Amino acid sequence: MDEKLTSLREQLPALHTQVYLNTGTSGPMPHRVHNAMLRELERQLAHGRTGMPHFTEMGRLKEQLRGHLSSMLGCAPSEIAVTGSSTDGMNLISLGLNWQPGDEAITTNLEHAGGLLPLFAARERFGITIKMADIAARPEAAADVIRKLITPRTKLISISHVSFITGALLPVREICEIAHKHGVLVLVDGAQSFAAIDVNVKELGCDFYAGPGQKWVCGPEGVGVLYASQDAVNQVSVTFAAHFTVDRYNAGGMLPHPDARRFEQGTVQTAVLAGYDEALRWFREDVGPAWAYGRIRELAHHARKGLAKLPGVRVLTPADAAGLITFQVAGKTPDAACTTLTEQGISARTVPQPGGLRIATGFYNTEAEIDRLIEAVAGL
Ligand SMILES: Cc1ncc(COP(=O)(O)O)c(C=O)c1O
C-alpha cells in the first residue's frame, strides 16, 4: 500500500475493526481529532469554564474555523456560520425567509429529512406550498424539471448537492442560474458533498450551502457549516437569537451581525469546535483535498464497475456521482443484505425509496476493501 495511505490509515483506528464504508453517515475519527477534543476537555476540567479565557478560546476557535471553512468553500470568512449540523443550516434558512401564505418552495424527491423537514415546518408555520420535483429517475434533467415548477410565487429552491439515496450528483450550478433569472434563492444541502468533492460556492452560484462536521471530513458530531452569501444574507431573519447572533443589543432591541455570523447562537461545546478545527487542518494539510477527492472518485468508480458486473445486482447510482454508491441485490431485502454484510465486518447502510444498500468510499479506503465488498455482495 502506498506510504501516504498507510500513514493516514494509522490515524483511523476504526478502519482496523471493520471495512468502513459508511462515511456518508459518519466518518471514522482520527486520533488527532480525538486528542484535540480530549486536550480541550482536560483544559476545561483543570481550569473550569468561567471567565473570559474560556470564551476567548471559543471565539478564537470559531474564527479559525471560519478561516478553514471559507478556504474549503471558496468564500469570505464573513459568509460562514459555524452551526451544529447540516440540518441546522437547512432549518436556519428554510425557516428564516420572509414567507407569506401561498409562497412556494421547490424541492425534489431525492432529499434527506434534514432538508425536507424544515420545509414541512415552514409550511405548517407560514402556509407555504411545497412543490416536489420528480427527478429520481433522471437526475441529470433536474434543472429542466425544476424550471417548469417555478412561478412568480417561488421563493426558494432547496436541493441536495449529492442525493443521500441514489448518490446522484445534481446539476446545482444550472439550477442556480435558472433560479436567479427568476429571483429565486437556492439553498444547497451539502451533507454528501462537503469534503467529498471540490465545492466552490461562488462557482456553484448558490445563495446558501449547509454542510456537516462528522461525515467526509472525519470531524466530530455536533458541528457543521452554513455558507450564506453576503448578497442574500439580508433576506433571512434570525430564527434563534443569542449572544453570538448580534453585533449589539440593549433593552430596546438587537442589531444582528450584518453577515453569516447572525446564524450563530449561544454557548457551544468548545471541545467539539477544537475537534472540527483539527479535522479540517488534517484534511487540508496532511490528506490534501485534491488527493482526497481523486481517491473518493476512483474508489467509487471501482465499486460501481465491480458491483454492476455481478449478476442480480442493480446499481442505482448514475455515472455522474461523488462518493456514494447505491445498489439493489435481487432476492434480498436491503435490510437482510446489510445485516449479512455487517456480520462479515463490512459497514454499509440501507436507503429508503426505491430502497437499496449504500456504500460510501472514503479517501482512506483501499482497493482491496472495495474488492472485499464486491466479493461479499457476490456471495449474497
Ligand atoms: C443529504 C443529507 N442531508 C442531511 C443529512 C443530515 O446531516 P447532519 O447530521 O449533519 O444534520 C444527511 C446525513 O445524515 C444527508 O445525507
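Atoms within each ligand, like the ligands themselves, are counted from 1 in listed order. Not measured: the values here are computed from a predicted model.
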Practice prompt. Output yes when D144 and K148 qualify as a salt bridge under the 4.0 Å nitrogen-oxygen rule, no when they do not.
Written response: no
Worksheet entry | Part of D189 with heavy atoms under 4.0 Å of ligand 1, whether side chain, backbone, both or neither | side chain
Worksheet entry | Contacting atoms of ligand 1, where contact means under 4.0 angstrom from a heavy atom of A191 | 1 (C), 2 (C), 3 (N), 4 (C), 5 (C), 12 (C), 15 (C)
Item to complete: Just need the protein heavy atom nearest to atom 13 (C) of ligand 1, so name the residue and atom and give the distance.
Response: K215 NZ, 2.6 Å
Worksheet, complete the sentence: Note: ligand 1 atoms sitting under 4.0 Å from heavy atoms of Q192 are 15 (C), 16 (O)
Fill in: Pair E63 + R66: basic N to acidic O under 4.0 Å
yes
Fill in: Ligand-side contact atoms (ligand 1) for residue partner P212, heavy atom cut-off under 4.0 Å
10 (O)
Practice prompt. Only heavy atoms count here, so choose which of T87, T83, I165, L117 is nearest to atom 6 (C) of ligand 1.
Written response: T87
Fill in: Residue-ligand contact E111/ligand 1, heavy atom below 4.0 Å
no
Worksheet item: So, Q269 and Q44: side-chain donor and acceptor under 3.5 Å apart, yes or no?
Response: yes
Practice prompt. Would you please determine whether Q214 falls within less than 4.0 Å of ligand 1 on a heavy-atom basis?
Written response: yes
Item to complete: Indicate yes or no: does an N/O atom of D88 lie under 3.5 Å from an N/O atom of ligand 1?
Response: no
Practice prompt. Please work out which of R358, E221, H112 has its closest non-hydrogen atom nearest to atom 4 (C) of ligand 1.
Written response: H112
Fill in: Min N/O separation S86 to ligand 1 under 3.5 Å
yes
Worksheet entry | Under-4.0 Å salt bridge between R60 and E57 | yes
Worksheet item: Is the count of non-hydrogen atoms from other residues, nucleotides or ligands lying under 6.0 Å from Q230 atom CD greater than 12?
Response: yes
Fill in: Nearest heavy atoms of T326 and T317, plus distance in Å
N-OG1, 2.7 Å
Practice prompt. Please indicate whether H34 has more than 12 foreign heavy atoms, meaning atoms of other residues, nucleotides or ligands, lying under 6.0 Å from its NE2.
Written response: no
Worksheet item: So does E3 have more than 12 non-hydrogen atoms from other groups sitting under 6.0 Å from CD?
Response: no
